[in-house]
Chemist: 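My structure is below; once you've seen it, I'll send some questions.
So that the names make sense, note that chain A is the first sequence line, chain B the second, and so on, each numbered from 1.
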Amino acid sequence: MKYQAPKGVIEYFPPRSRSFEWVRGTLLSQIKRSGYQLLELPVFEDTELFTRGVGASTDVVSKEMYTFLDRGGRSITLRPEGTVGALRAIIEHGLDRGALPTKVFYSGAFFRAERPQAGRGRQFYSVGVEAVGSDDPALDAEVIAIADAGFKALGLKQFRLEITSLGDAQTRALHRVDLLAFIEGLDLDEATIARAEINPLRLFDDKRKEIRDLMDKAPLLLDYLSEESRQHFEAVQSYLKDLKIEFTINPRMVRGLDYYTGTTFEFVHNLLGAQSGIGGGGRYDGLMEQIGGQPLSGIGFGLGVDRALLAAEAEGVVDSAAFLTDLYLIPLGAQAKTVALSISQELRAHDLTVDIVFGDRSLKSAMKSADKSGARYVVIIGDTELSTGSVDLKQMSTGETTSVTLASLVTTLTTKLLTW
RNA sequence: GUGGGCGUAGCUCAGCUGGUAGAGCACUCGGUUGUGGUCCGAGAUGUCGCGGGUUCGAGCCCCGUCGCUCACCCCA
């Protein structure tokens, strides 16, 4: 019996796992430096949290959740997204009782039982933020700017930011009446009618040209915005312009989660095929109340780490230089190993990346693996070195060696690497 | 969930109209005594995704199944 990973899961292993780590770390560092604090949450929650929060009629809830009964007969669901779980934790622990907005971030695996495809796994990785308790449009701009900065920090260029406003509840109700009337006048096939019944906005992002043409004259939600929503949306746009963040307004953008209101946005990458959304988010007025909290507005985003990595690979911007080993130690003989182990311990305590050749390999093959590891420096420890207490520090890129005492290895190496 | 393509060594793939498996890269060792990236030599590795069927004989044909992939759908 040969075991395989469950269908549709994405696994990261060397050497690509380093790239994954780099992508996630880069996105997270943009978030952390903006004052967001970690929320480490369960990957499963009470099923009802998602049906109420995300919306029972959404595709995500109605046909994509991993739901099961636990041993106590409780209905449990593997989290399909991050926002409602984050808000549940904020409410449960009273994080919204202090100074507002409450700014938190998360990072981890999410689960959706979809048909797998490139960029779409049944377990996928997201990092996200939630800022709860302020309806300041400047906060919308900050949230968008963080995601934008994250993608740019990765070196991505071939993506665009699309934004729109879904307005408030009243806006959507008014628009819905007109949109339904409009759709009723169209000649559509059954499947499309069924989709429209669940969410008429869906027809706006249908990929078929016929439908696109038909929807060309459909009433747009943006034209129904209340004065307040309109001003908020304009303020957001003006902040983004000040920040020199380019965006396009896409009045046909559709979100599959029910909780979105007001400012809504999506980052789309050009080289990813069908699964091109690398991040998205928006405001959610009413969601806090919906799941039992205070009536606070909030805004957040989720960024797809898997897709961001795919995008970075497609653009050829993966930073492989970030993974190099500083020093490779080659011990020759039993006594040398003892010394190598203790030297590595000391160097690592000084934040240096150190690796050792294990096994009794020939010097030649040890040098080969040092070379392949991408080590910047190599030190050989044999009988000579042990008796003199000094080693040759070899710089692999140039082949130059400098003689240093074992005792001063830490300082020598540290200063050399500083100017690397 | 629906439809199309694919599934051969760790990786990329070759394998003609069915006769019982190969290349390149990677890997290990070596090219004399303690120094890598080139070159040369040697070596190891596969139940040809899995299960059935047709056949004297199947990696090549048929069915099923699992998985990957692309599109729909959906979204991160």
Chemist: Can you tell which of A:Gln158, A:Lys157, A:His269 makes a side chain to side chain donor-acceptor pair (under 3.5 Å) with A:Glu315?
Modeler: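 When A:Gln158, A:Lys157, A:His269 are each tested with A:Glu315, the side chain to side chain donor-acceptor pair (under 3.5 Å) holds only for A:His269.
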
Chemist: List the atom of A:Ser297, the atom of A:Arg283, and the distance in Å for their closest heavy-atom pair.
Modeler: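 Nearest pair, atom of A:Ser297 first, then A:Arg283: OG-NH1, 2.6 Å.
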
Chemist: Is it the case that the base of B:G1 and the side chain of A:Glu64 share a donor-acceptor contact (distance under 3.5 Å, atom types as modelled)?
Modeler: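 By the distance-only test, no, there is no pair.
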
Chemist: Any side-chain N or O of A:Ser365 under 4.0 Å from OP1/OP2 of B:G36?
Modeler: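 A:Ser365 to B:G36 OP1/OP2: no side-chain N or O under 4.0 Å.
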
Chemist: Please give the distance between the C1' atoms of B:A44 and B:G10 as a whole number of Å.
Modeler: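 To the nearest whole Å, 13 Å.
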
Chemist: Expressed in angstrom and rounded to an integer, what is the separation of A:Arg79 atom CZ from B:A76 atom C1'?
Modeler: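 Whole-Å distance recorded here is 13 Å.
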
Chemist: Confirm from the modelled atom types if A:Glu114 and B:A76 form a donor-acceptor pair under 3.5 Å, side chain to base only.
Modeler: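 Answer is yes: a donor-acceptor pair is held.
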
Chemist: Under 3.5 Å, is there a donor-acceptor pair between the A:Gln123 and A:Tyr125 side chains?
Modeler: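 Note: A:Gln123 and A:Tyr125 side chains meet the donor-acceptor criterion.
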
Chemist: Does the base of B:C75 carry an N or O that pairs as donor and acceptor with the side chain of A:Arg307 under 3.5 Å?
Modeler: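 It does, because a donor-acceptor pair links the side chain of A:Arg307 to the base of B:C75 below 3.5 Å.
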
Chemist: Could you please name the option among B:U69, B:G36, B:C73 that lies closest to any side-chain atom of A:Lys364?
Modeler: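 The listed nucleotide nearest to A:Lys364's side chain is B:G36.
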
Chemist: What is the distance from CD of A:Gln275 to P of B:A76, rounded to the nearest Å?
Modeler: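 Those two atoms, CD and P, are 11 Å apart.
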
Chemist: Within the structure shown, what part of the strands sits under 4.0 Å from A:Ser369 by heavy-atom distance: base, sugar-phosphate, or nothing?
Modeler: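 Touches nothing.
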
Chemist: Using 4.0 Å as the upper bound for N to carboxylate O, is an ion pair formed by A:Asp205 and A:Arg212?
Modeler: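 Salt bridge flag = no for A:Asp205 with A:Arg212.
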
Chemist: Stems in RNA chain B: runs of 3 or more consecutive Watson-Crick or G-U pairs, distances under 3.5 Å?
Modeler: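 Ordered by first number, the stems with RNA chain B (at least 3 consecutive pairs each) read B:1-7 with B:66-72, B:10-13 with B:22-25, B:27-31 with B:39-43, B:49-53 with B:61-65.
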
Chemist: Sticking with atom C1', work out how far B:G15 lies from B:G46, rounded to a whole angstrom.
Modeler: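 It works out to 15 Å between them.
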
Chemist: Would you check if there is a donor-acceptor pair between the side chains of A:Tyr239 and A:Asp140 at a distance under 3.5 Å?
Modeler: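 A:Tyr239 and A:Asp140 do not have a side-chain donor-acceptor pair below 3.5 Å.
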
Chemist: Which nucleotide sits closest to the side chain of A:Lys394: B:C74, B:G34, B:U35?
Modeler: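 The listed nucleotide nearest to A:Lys394's side chain is B:U35.
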
Chemist: Ignoring hydrogens and angles, state whether a donor on the side chain of A:Thr405 or A:Ser408 is under 3.5 Å from an acceptor on the partner side chain.
Modeler: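 Short answer, yes.
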
Chemist: Taking the nucleotide of RNA chain B with the nearest heavy atom to each, does A:Pro116 or A:Ala274 sit closer to the 5' end?
Modeler: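 Residue closer to the 5' terminus by nearest nucleotide: A:Pro116.
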
Chemist: Under 4.0 Å between any heavy atoms, over every strand shown, what does A:Arg208 touch: base, sugar-phosphate, or nothing? Just pick one.
Modeler: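 Answer is nothing: A:Arg208 stays at 4.0 Å or more from every strand.
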
Chemist: Is any side-chain nitrogen or oxygen of A:Arg115 closer than 4.0 Å to OP1 or OP2 of B:A71?
Modeler: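 So the side chain of A:Arg115 is outside the cut-off, no N or O lying under 4.0 Å from OP1 or OP2 of B:A71.
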
Chemist: Roughly how far apart, to the nearest Å, are B:C27 and B:G3 at atom P?
Modeler: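 Approximately 44 Å lies between the P atom of B:C27 and that of B:G3.
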
Chemist: Just to be sure I understand the rule, does A:Ile330 reach a base, reach only the sugar-phosphate, or reach nothing, if contact means heavy atoms closer than 4.0 Å?
Modeler: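 No contact.
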
Chemist: Which is true for A:Asn199 with a 4.0 Å heavy-atom rule: it touches a base, it touches only sugar-phosphate, or it touches nothing?
Modeler: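 Touches nothing.
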
Chemist: Nearest whole Å is fine: how far is B:G36 P from A:Leu363 CG?
Modeler: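 Distance, rounded to whole Å: 8 Å.
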
Chemist: Across the strands shown, which category fits A:Gly121 at heavy-atom distances under 4.0 angstrom: base, sugar-phosphate, nothing?
Modeler: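 It contacts base atoms.
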
Chemist: Output the single nucleotide from B:A71, B:A76, B:U69 whose closest atom is nearest the side chain of A:Ser126.
Modeler: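 Given the options B:A71, B:A76, B:U69, the side chain of A:Ser126 is closest to B:A76.
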
Chemist: Should the side chain of A:Asp371 and the base of B:G36 be counted as holding a donor-acceptor pair, with the cut-off at 3.5 Å?
Modeler: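 Present.
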
Chemist: Is there a donor N/O on one and an acceptor N/O on the other, under 3.5 Å, for the side chain of A:Thr384 and the base of B:G34?
Modeler: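 Under the 3.5 Å cut-off, the side chain and the base do form a donor-acceptor pair.
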
Chemist: Between atom CE in A:Met253 and atom C1' in B:C75, what is the gap in whole Å?
Modeler: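 It works out to 13 Å between those atoms.
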
Chemist: For residues A:Ala336 and A:Leu386, report the shortest heavy-atom separation together with the two atoms involved.
Modeler: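 Reported closest heavy-atom pair: N-CD1, 3.9 Å.
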
Chemist: Determine the interatomic distance between P on B:C60 and the same-named atom on B:U20; round to the nearest Å.
Modeler: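 14 Å, rounded to whole Å.
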
Chemist: Measure from the side-chain N and O atoms of A:Thr67 to the backbone N and O of A:Thr77, and report whether any donor-acceptor pair falls under 3.5 Å.
Modeler: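 No; zero donor-acceptor contacts below 3.5 Å.
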
Chemist: Does any donor-acceptor pair link the side chain of A:Lys368 with the base of B:G37 at a separation under 3.5 Å?
Modeler: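 When only heavy-atom distances are counted, A:Lys368 does not reach the base of B:G37 through any donor-acceptor pair under 3.5 Å.
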
Chemist: So, under a plain 3.5 Å distance rule, would you say the side chain of A:Arg120 forms a donor-acceptor pair with the base of B:C70?
Modeler: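 Flag unset: no donor-acceptor pair detected.
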
Chemist: Rounded to the nearest angstrom, tell me the gap between atom CG in A:Leu310 and atom C1' in B:C75.
Modeler: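 My rounded result for the distance is 14 Å.
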
Chemist: Base, sugar-phosphate, or nothing for A:Gly128, non-hydrogen atoms under 4.0 angstrom?
Modeler: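 Touches nothing.
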
Chemist: Do A:Asp355 and A:Thr325 have a side chain donor and acceptor closer than 3.5 Å?
Modeler: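 Checked: A:Asp355/A:Thr325 side chains show no N/O donor-acceptor pair below 3.5 Å.
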
Chemist: C1' atom, B:C62 versus B:U55: distance in rounded Å?
Modeler: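 The same atom, C1', in both gives a distance of 12 Å.
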
Chemist: Using whole Å, what does the distance between atom P of nucleotide B:C75 and atom CZ of A:Arg112 come to?
Modeler: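 Rounded to whole Å, this separation is 7 Å.
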
Chemist: At 4.0 Å (heavy atoms only), tell me whether A:Ala370 reaches a base, stays on the sugar-phosphate, or touches nothing.
Modeler: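 Touches nothing.
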
Chemist: Which part of the nucleic acid, if any, lies within contact of A:Glu385, taking any heavy atom under 4.0 Å across all strands shown: a base, the sugar-phosphate backbone alone, or nothing?
Modeler: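 Touches a base.
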
Chemist: Between B:U69 and B:U35, how far apart are the C1' atoms? Round to whole Å, please.
Modeler: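 The answer is 46 Å between these two C1' atoms.
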
Chemist: List in chain and number order the residues that pass salt bridge (charged side-chain N to carboxylate O under 4.0 Å, His left out) with A:Glu385, two or more places apart in sequence or in another chain; answer none if no residue qualifies.
Modeler: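 Scan of A:Glu385 (salt bridge (charged side-chain N to carboxylate O under 4.0 Å, His left out), adjacent residues dropped) gives none.
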
Chemist: Take atom OH of A:Tyr259 and atom C1' of B:C75, then tell me their distance rounded to the nearest Å.
Modeler: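 From A:Tyr259 OH to B:C75 C1': 11 Å.
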
Chemist: Any side-chain hydrogen bond (donor to acceptor under 3.5 Å, both in side chains) involving residues 243-252 of chain A? Give me the pairs, sequence neighbours left out, ordered by first then second residue.
Modeler: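 Every pair satisfying side-chain hydrogen bond (donor to acceptor under 3.5 Å, both in side chains) with a residue in residues 243-252 of chain A: A:Glu162-A:Asn250.
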
Chemist: Does the side-chain ring of A:Phe124 sit on the six-membered ring of the B:A76 base, less than 5.5 Å centre to centre and under 30° in tilt?
Modeler: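 Per 5.5 Å and 30° rule: yes, stacked.
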
Chemist: Quick check for you: among B:C27, B:C74, B:U69, whose closest atom lies nearest to any side-chain atom of A:Lys372?
Modeler: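 Within the option list, the nearest is B:C27.
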
Chemist: Using the P atoms only, state how far B:A21 lies from B:C16, rounded to an integer number of Å.
Modeler: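 That atom pair is separated by 14 Å.
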
Chemist: Between A:Leu257 (CG) and B:C75 (P), how many Å, whole number?
Modeler: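 Nearest whole value for this atom pair: 6 Å.
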
Chemist: Distance check, P atoms only: B:U8 and B:C61, in whole angstrom units.
Modeler: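 One P to the other, the span is 14 Å.
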
Chemist: How would you label the contact of A:Lys7 with the nucleic acid (heavy atoms, under 4.0 Å): base, sugar-phosphate, or nothing?
Modeler: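 The answer is sugar-phosphate, as A:Lys7 gets under 4.0 Å only of primed atoms, P, OP1 or OP2.
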
Chemist: Would you say a side-chain N or O of A:Arg361 is under 4.0 Å from OP1 or OP2 of B:G36?
Modeler: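 Answer is no, no contact under 4.0 Å.
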
Chemist: Using heavy atoms to find the nearest nucleotide of RNA chain B for A:Ser362 and A:Glu400 separately, return the residue whose nucleotide is more 5′.
Modeler: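 Closest to the 5' end, via its nearest nucleotide, is A:Ser362.
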
